[in-house]
Amino acid sequence: MLRRLASLFCAAAVTALAAGDYAGADSCKSCHPAEFQGQSQSAHARTLAPSAANQPGDWAFGAGLQAISFVSRVDRENYREHGETWYRELNGYSITPGHRNAAGVQFRIFDPAARILRCFACHSTGPLTLDADERIVPHEIGVRCEVCHGPAAAHASDPEHHRPRNPAAMTAAALNAFCGQCHRLTLETDEEATDLRDPRNSRNEPRLLTASACFRKTKGGLACLKCHAPHGTPLQELSAYDSACQSCHTTARHSHPVAGRACVECHMPAVRLDHLTFRNHRIAVYAAANPVEPVSAKGR
């Protein structure tokens with residue numbers, strides 16, 4: 001009975017249907033080979049894995065572009081997020097973001113806030129369940145096709161009559177909110193930070209994008225997919241995003257020389273959080289000394 005309740009609770013945490021409603025990413029390969037290939041190599045697909053032999057814990061969270069955090073099962077009722085994270089910048093370990101020391105933070109599986117369940121839910125695909133020993137079991141590890149396109153077993157068996165969800169058809173506001181279900185900041189109190197000047201909110205890209213002047217001036221038409229290809233990893237070369245900016249800003253005017261600089265260097269400055277770097281998605285004009293608060297009235 002306890003496991004049954006847990007399974008229902010896990011399913012509610014990811015707003016999922018039954019496991020049988022999911023086809024799995026491999027079922028997409030034959031009809032969508034290019035999308036499958038790109039998505040399989042993306043950071044999303046690698047955002048959860050069992051810990052390797054040289055890693056701590058039971059589970060490794062993160063693709064490793066910047067960091068990997070680790071989670072261990074403590075007992076039948078509790079999991080622990082380790083207090084030390086591996087950072088690419090260091091090629092070594094330091095305190096996990098949001099932690100006060102290396103002791104880690106323990107989470108109850110059945111806590112009303114469902115914190116540990118939501119961690120697994122945002123790093124996996126399909127409903128979470130508990131096995132006979134009360135271990136959390138992701139249906140499919142990593143963020144795969146059906147996170148964005150919805151349960152696809154019916155589509156795989158009868159594609160003509162069962163169409164998957166198409167995020168590209170959403171309004172920009174709806175798509176940003178959809179991505180923001182996981183790409184968001186939660187604090188120790190499980191409350192999302194609301195102060196856009198708080199550097200920690202640089203991790204909350206959809207919220208900041210929606211607060212930008214570009215979003216308002218396009219009448220809510222600027223969505224995550226304007227810059228980020230849905231089936232790949234975000235491009236690391238900053239100038240690769242210039243074309244997206246120039247599709248609207250065809251005759252941009254600058255008061256200072258900008259030759260050779262990518263648009264996002266100035267208008268989406270880098271925000272440092274310990275050993276992590278995030279781009280401020282509140283597109284605006286910023287002073288070099290303050291990458292979180294716009295200096296122009298247009299960006300407020």
Side-chain angles (χ1 to χ4, degrees), residues 38-39 41-47 62-67 87-91 97 143 167-168 172-173 175-176 178-180 182-185 196-300:
Q39 207 281 328
Q41 297 175 357
S42 71
H44 272 141
R46 297 180 285 112
T47 195
L65 296 182
Q66 292 205 68
Y87 293 95
R88 179 169 294 279
E89 178 184 88
L90 301 175
N91 191 24
V143 178
L175 179 62
N176 295 346
F178 181 72
C179 297
C182 289
H183 288 274
R184 61 191 294 263
L185 172 68
L196 298 184
R197 297 168 298 180
D198 187 332
R200 293 173 298 179
N201 250 326
S202 60
R203 300 184 64 167
N204 195 343
E205 297 94 344
R207 172 184 279 274
L208 290 172
L209 180 64
T210 302
S212 71
C214 288
F215 184 85
R216 296 195 304 272
K217 289 186 175 182
T218 58
K219 297 184 176 9
L222 183 61
C224 305
L225 295 183
K226 174 71 173 178
C227 297
H228 298 301
H231 300 112
T233 297
L235 300 171
Q236 302 302 300
E237 179 59 47
L238 297 182
S239 61
Y241 298 99
D242 285 355
S243 59
C245 301
Q246 291 163 1
S247 65
C248 292
H249 300 278
T250 55
T251 57
R253 293 173 295 176
H254 296 97
S255 57
H256 301 284
V258 296
R261 303 189 69 182
C263 302
V264 300
E265 285 189 65
C266 298
H267 300 294
M268 297 177 63
V271 180
R272 294 278 297 166
L273 296 175
D274 297 322
H275 305 295
L276 303 172
T277 301
F278 297 91
R279 287 281 159 187
N280 185 348
H281 279 59
R282 189 184 181 188
I283 306 166
V285 176
Y286 292 87
N290 186 348
V292 296
E293 187 170 10
V295 297
S296 70
K298 294 180 179 180
R300 294 184 184 277

Please name all residues satisfying ring-ring contact (aromatic ring centres under 6.0 Å, His included) with His44, sequence neighbours left out, ordered by chain then number. His183

Nearest heavy-atom approach of Leu225 to Pro230 is CD2-CB, 3.8 Å

So NE2 of His281 and CG of Leu208: to nearest 0.5 Å the spacing works out to 8.5 Å

Distance, nearest 0.5 Å, that separates CZ of Arg207 from CG of Leu185: 9.5 Å

Non-hydrogen atoms of Glu205 and Phe278 that approach each other most closely: OE2-CD2, 4.0 Å

Ignoring hydrogens and geometry, is there a side-chain-to-backbone donor-acceptor pair from Gln246 to Ala244 under 3.5 Å? no

Side-chain contact test, heavy atoms from C-beta onward, threshold under 4.5 Å: evaluate it for Asn280 versus Pro291 and give yes or no. no

Ring pair (Phe, Tyr, Trp, His ring centres under 6.0 Å) partners of residues 211-248, not counting sequence neighbours, each pair once: His228-Tyr241

Are any non-hydrogen side-chain atoms of Pro97 and Tyr87 less than 4.5 angstrom apart? yes

So which heavy atom on Pro199 is nearest to which on Val292, and how close? CA-CG1, 4.0 Å

Would you say that Thr277 contacts Gln66 through its side chain, given a criterion of any heavy-atom pair below 4.5 Å between the two side chains? yes

Take Ser212 and Arg282, measure what side chain to side chain donor-acceptor pair (under 3.5 Å) needs, and give me the verdict at the end. CA-CA 5 Å; Ser212 71; Arg282 189 184 181 188; over 6 Å; no

Side-chain heavy atoms of Leu222 within contact of Ile283, under 4.5 Å: yes

Heavy atoms only: give me the nearest Gln39-Ser42 pair and the separation to one decimal. O-OG, 2.7 Å

Donor-acceptor pair, Glu89 side chain versus Ala67 backbone, under 3.5 Å? no

Crowded around Arg279 CZ? As in, over 12 foreign heavy atoms under 6.0 Å? yes

Going by atom types alone, do Asn201 and Asp198 pair a side-chain donor with an acceptor below 3.5 Å? no

Search all heavy atoms of Ala63 against all heavy atoms of Ala43 and return the closest pair with its distance. CB-O, 3.5 Å

Kindly give the heavy-atom pair with the smallest separation between Ser202 and Leu273, and that separation in Å. OG-CD1, 3.5 Å

Would you find a donor on one side and an acceptor on the other, under 3.5 Å apart, between the side chain of Arg272 and the backbone of Asp274? yes

Taken to the nearest 0.5 Å, the spacing of His275 NE2 from Arg88 CZ works out to 15.0 Å

Would you say Lys226 and Ser247 are linked by a side-chain donor-acceptor pair, where the criterion is simply a distance under 3.5 Å? yes

Using a 3.5 Å cut-off and no angle test, enumerate the donor-acceptor pairs between side-chain atoms of residues 261-268 and protein atoms at least two apart in sequence or in another chain.
from, atom 1, to, atom 2, distance (Å)
Glu265, OE2, Ala262, N, 3.0
His267, ND1, Ala284, O, 2.9

Pairwise distance CZ(Arg46) to OG1(Thr233) - rounded to 0.5 angstrom: 5.5 Å

Is there a donor-acceptor contact under 3.5 Å from the side chain of Asn176 to the main chain of Cys224? yes

Do the side chains of Cys214 and His249 get nearer than 4.5 Å, heavy atoms only? yes

